[in-house]
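Below: one structure, written as structure tokens.
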Number of protein chains: 2
Amino acid sequence: MNYSRQRAEVLDQIRGHKDHPTADTIFAELRTKDPSISLATVYRNLKLLSDLGEIRKLSFVSGADRFDPTVKAHYHFICEKCGRVYDVPMKAAEVLDTDVLDSEVEMYIPGVITSHDLVFHGICDECGAVEGSALGAEV
Amino acid sequence: MNYSRQRAEVLDQIRGHKDHPTADTIFAELRTKDPSISLATVYRNLKLLSDLGEIRKLSFVSGADRFDPTVKAHYHFICEKCGRVYDVPMKAAEVLDTDVLDSEVEMYIPGVITSHDLVFHGICDECGAVEGSALGAEV
DNA sequence: GTACTTGCAAACAGTTTGCACAGTT
DNA sequence: AACTGTGCAAACTGTTTGCAAGTAC
């Protein structure tokens with residue numbers, strides 16, 4: 001695969017993220033280094049890179065798609081307030097045998113399952129969810 | 001809650017679906033009965049009805065949002081080819097204790113979990129996935 | 001008459017595409 | 001020359017919004 005300068009920049013930029021930036025975020029960041037790069041190029045390369053499996057496209061977030069530098073299987077937690085997307089390490093979901101789950105569920109649906117997404121919703125600490133002590137805003 | 005004629009029509013129309021129509025589908029269907037209803041009204045009422053918990057909005061499908069007449073907890077299977085969304089009955093996922101899962105995962109993320117979505121991806125039978133006999137298209 | 005809801009059109013966000021040009025081989 | 005990738009602007013999809021008119025109590 002041929003990596004043009006712009007393509008490499010896009011991949012680099014995403015890999016530098018611990019979070020899950022949108023195309024627009026990547027574009028804005030790259031613009032500061034490379035003022036002539038275009039949004040269309042960013043979109044084109046994000047699509048291409050996720051087709052190639054270099055990055056992962058997260059379409060389950062409302063609003064803009066997000067891109068995930070981490071390709072290996074893991075789940076996500078989305079804050080309902082700020083929209084931030086957090087990674088859930090696989091060991092957190094070890095109560096769940098993912099292969100068993102897929103084959104179990106497959107018996108109930110008219111088709112073949114190749115993968116699944118598991119997305120947790122809630123409120124993140126930064127947005128006011130306080131667990132442990134009784135410091136909630138309500139009540 | 002006050003149900004205007006249009007609001008009732010929208011709710012009825014969705015409840016008449018076994019599948020998961022988009023706003024546009026609902027709009028097109030209602031237009032045949034009520035030629036003056038507007039798309040904005042459909043959108044407004046879909047939003048309102050899902051805020052009220054009368055229907056469920058599915059945002060994890062790429063493309064247009066879909067609306068689900070079934071409100072009680074269940075998972076979904078999306079065909080990668082045709083985009084159809086199928087329901088997965090809860091008993092199919094009984095390998096998984098959903099409450100345990102949420103509280104387990106909560107220990108690993110900076111926040112509080114209120115719910116989760118589980119979406120299976122694959123190919124549905126209508127699109128050529130043939131399980132059981134060895135009739136696959138590949139190999 | 002006050003509050004809520006509608007239809008329409010315009011606005012908007014996110015994404016994709018047509019096209020002429022630039023970069024490589 | 002043939003190919004691929006780029007930048008720009010325009011197009012496009014899905015959704016929301018401002019507003020004047022309509023409806024319900």
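Here the structure is a predicted model, which is why all the values come from computation and not from measurement.
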Ring centre gap for A:His116 and A:Tyr75 strictly below 6.0 Å: yes
Nearest-0.5 Å distance that lies between atom OG in B:Ser38 and atom CD in B:Gln6: 8.5 Å
Nearest listed nucleotide, side chain of B:Ser4, among D:dC8, D:dG5, C:dT6: C:dT6
Integer-rounded Å distance: C:dG14 C1' and A:Phe27 CZ: 13 Å
Polar side-chain atom of A:Arg66 near backbone of A:Pro21 as donor-acceptor pair, under 3.5 Å: no
Rounded distance (Å) that lies between atom C1' of D:dT23 and atom CZ of B:Arg7: 13 Å
B:Gln6 CD to C:dT6 P, straight-line distance once rounded to whole Å: 5 Å
Separation of atom CG in B:Leu48 from atom C1' in C:dA3, rounded to whole Å: 15 Å
Contact under 4.0 Å: B:Ser36 side-chain N or O vs C:dG7 OP1/OP2: yes
Nearest-Å distance for atom pair CG/C1', residues A:Asp51 and D:dG5: 16 Å
Residue pairs, two or more places apart or on separate chains, that pass ring pair (Phe, Tyr, Trp, His ring centres under 6.0 Å) and touch residues 44-64 of chain B: B:Phe60-B:His76
Salt bridge A:Lys81-A:Glu126, side-chain N to carboxylate O under 4.0 Å: no
Separation of atom CG in A:Asp34 from atom C1' in D:dG5, rounded to whole Å: 14 Å
Under-4.0 Å salt bridge between A:Asp51 and A:Lys57: no
Spacing of B:Arg5 atom CZ relative to D:dT23 atom C1', expressed in whole Å: 10 Å
Under 3.5 Å, which N/O atoms of the protein pair with N/O atoms of nucleotides 11-20 of chain D?
from	atom 1	to	atom 2	distance (Å)
D:dT15	OP1	B:Asp65	N	2.9
D:dT15	OP1	B:Asp65	OD2	3.2
D:dT15	OP2	B:Tyr43	OH	2.6
D:dT15	O5'	B:Tyr43	OH	3.4
D:dG18	O6	B:Arg44	NH1	3.4

